[in-house]
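First the proteins, then the strands, lettered A, B, ... as listed; each starts at 1. Given the structure is predicted, the values throughout are model-derived calculations rather than measurements.
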Amino acid sequence: MLEEPKHEARRGLPDLDPPPGKVVMRFAPNPNGPPTLGSARGLVVNAAYVKKYGGRLILRFDDTDPGTKKPLADAYRWYLEDAEWLGFKPDETIYASDRLDRYYEVAESLLQKGKAYYCTCPKDWFKSYRDAGQACKHRDQTREENLQGWKEMLAGNVKEGEGVLRMKTDMNHPNPAIRDWVAFRVIKASHPRVNHKYPVWPTLDFESAVEDHLLGTTHILRGKDLADSEARQRYLYEDLGWKYPHTLLWGKITVHEFGKFSTSMLRKEIEEGKYVGWDDPRLPTHRALRRRGIQPRAIWNFMVQMGLGENDVSASLENLYAENRKLVDPQAHRYFFVADPVPIEVEGLKAKTAKVPLHPDHPETTRTLKTNGTVLLAREDWQGRKPGDRLRLKNLGNIEIKSTQPPRAAFTGEALDKELPIVHWLPQKENLPLKVVTPTGETEGRGEKGIETEVDKVVQFERYGFVRIDSAGEGGVVVAYFTHE
RNA sequence: GCUCCGGUAGUGUAGUUCGGUCAAUCAUUGGGGACUCUCAAUCCCCAGACACGGGUUCGAAUCCCGUCCGGAGCACCA
């Protein structure tokens, strides 16, 4: 008799409720810096739902503030590339900065309906009205006055900070964040895509609200920090008779190893030269992770595992590494890398050829190592040994240490003795200079010949860890980026 | 201060909608063992959690109240 499993644990992401037919979802970053692990969540979760239910997937650049959140020309491309890398294949890519005219139209119809107004209150002043739940004098202006102000804004006659278009919501709303929020403001800074063409830009709440409707978005996935947006935007939807999409929120994600970071902070530090670039292995950017040999599928699995909770999560990269190891271990070729090598003269070790499997699961495919009398051992493996100690040189034979001062040993035979500690090694003659770059520094050493053919592949340095071979050639040095153990 | 969220093992989760089948799932991590010419992988075993207090109930992780803790918003940022 078969035992029924007691619990059927749900796998992956929760079902959408109510169960939709086809969905339309979007990921909407502001390209003001490189995509990071944080963006990956949005990319993956949206893509995963569209994959599950079918429908349309949209990548939308919410690049509506050339002032304080100035978009970075390169970042558009980075998002496009990284989205695809992660498996987010957009059916459509939208640039908010291309669509200002549409937003202006909506603004105008709101103005016509008396649902928005032109306000010239200084922002501190307005804040005190808002906190007190009172309307400022502009709220009751006539339609003509509002339209006139709006026209002045568009004509470029209003200075930054001297006039905005406000949504008319409810000055007594219990949540002050909802009261008469700003829909458009004057920003004269140049925009990387449209330069100085537009003096008036919508706020995220406005732009995003309009786009979600225009694009037919069925489900919005957003961070908890944008939780109030729905309440704000619903006023606009009601004014225009639109139907608000379903929303799902997720909490803040912090990764232990990276701590708190923001795109703008990263961007600043990269520009300051604190990091070598946006793919510096210390950074939480996709490009850095990719360079380190993290597979996109590992990030995908990591994010799906995390689910969609509204509680804040503090994840460990260990979990990402575990996912990546599952992907990489079955196919990564094995090589010997000797960090900080010590040459050991081995008496009685004639010219020998060791055949070593490229992968333990496929012993038929081998690489070869040719020895002369001297082998290289990692300092870590050599240190602390005494004369008389015996070691197994993996896939080659056994040695007995004769002296540590001049490092010397004697070859004692090929027969495998399982009692001996196994170490990896390299022939002194045939090897390559090699450098491993890790998030905490660089390790120099020598690597097996053949590694130079694995550029861009993830390999495992036996008893050391997985690395991605970054480059080979220039200066004869092979550069590897450490992935994880 | 005001308005919202949320708190299940070290970490991430399942279960909470419709209380019992939960002496609480899965993964990761840690410990032990097997296997292995890698400190990888694989296999087996073990460890570890319902924030706290009260209430409702025959019965509460699940419902109610309170407390504590954490987070977010209250920008002419996204």
Quick check for you: among B:C76, B:A27, B:C74, whose closest atom lies nearest to any side-chain atom of A:A177? B:C74
Identify whether any heavy atom of A:E310 sits under 4.0 Å from a base atom; if not, whether one sits that close to sugar-phosphate; answer base, sugar-phosphate or nothing. sugar-phosphate
Selected nucleotide, minimal atom distance to A:K252 side chain, candidates B:A40, B:G73, B:G71: B:G71
Within the 4.0 Å heavy-atom criterion, would you say A:D65 contacts the bases, only the backbone, or no part of the nucleic acid? sugar-phosphate
Once you round it to whole Å, what is the distance between C1' of B:C39 and CG of A:D329? 13 Å
Taking only Watson-Crick and G-U wobble pairs with both distances under 3.5 Å, what dot-bracket line describes RNA chain B, where [ ] shows pairs that cross earlier ones and | shows pairs with another strand? (((((((..(((.......[.....)))((((((.......))))))...(((((..]....))))))))))))....
Find the distance A:H359:NE2 to B:A41:C1' and express it as a whole number of Å. 7 Å
Within 6.0 angstrom of A:K370 NZ, more than 12 heavy atoms from elsewhere: no
Considering only the C1' atoms, how many Å lie between B:G19 and B:U57, rounded to the nearest integer? 9 Å
Are A:Y244 and A:Y237 close enough that their ring centres sit under 6.0 Å apart? yes
Any salt bridge linking A:R232 with A:D228? Criterion: basic side-chain nitrogen under 4.0 Å from a carboxylate oxygen. no
Are A:S314 and A:H256 linked by a side-chain donor-acceptor pair shorter than 3.5 Å? yes
Give one of base, sugar-phosphate or nothing for A:S208, where a contact means two heavy atoms less than 4.0 Å apart. nothing
For A:R325, answer base if it contacts any base atom (sugar-phosphate contacts may also be present), sugar-phosphate if it contacts only those atoms, and nothing otherwise; contact means non-hydrogen atoms under 4.0 Å. sugar-phosphate
Sugar-phosphate, base or nothing in reach of A:L226, heavy atoms under 4.0 Å: base
If you check the A:D381 side chain, which of B:C39, B:A27, B:A41 turns out closest? B:C39
Is A:A315 touching bases, backbone alone, or none of the nucleic acid, heavy atoms closer than 4.0 Å? sugar-phosphate
Side chain of A:N175: nearest nucleotide among B:U3, B:A27, B:G12? B:U3
If the threshold is 4.0 Å, N to carboxylate O, is there a salt bridge linking A:R392 and A:D417? no
Within a 6.0 Å radius of atom CD on A:E238, are there more than 12 heavy atoms belonging to other residues, nucleotides or ligands? no
Nearest-nucleotide pick for A:D225, side chain only, options being B:C77, B:G71, B:G73: B:G73
Identify whether any heavy atom of A:D62 sits under 4.0 Å from a base atom; if not, whether one sits that close to sugar-phosphate; answer base, sugar-phosphate or nothing. sugar-phosphate
Please list, in numerical order, the residues of residues 389-397 of chain A that have a heavy atom closer than 4.0 Å to any atom of RNA chain B. A:R392, A:K394, A:N395
Tell me what A:G161 touches on the nucleic acid: a base, only sugar-phosphate, or nothing, going by heavy atoms under 4.0 Å. base
How would you label the contact of A:V164 with the nucleic acid (heavy atoms, under 4.0 Å): base, sugar-phosphate, or nothing? base
Contact class for A:Y464 (heavy atom, under 4.0 Å): base, sugar-phosphate, or nothing? nothing
From the list B:C5, B:U38, B:U13, which nucleotide is the closest neighbour of the side chain of A:P360? B:U38
Among B:A40, B:A27, B:A78, the one nearest A:K326 by side-chain distance: B:A27
Students often get this wrong, so: under 4.0 angstrom with heavy atoms, is A:S314 touching a base, only sugar-phosphate, or nothing? sugar-phosphate
Between C1' on B:U17 and CG on A:D15, what's the gap in Å once rounded to a whole number? 14 Å
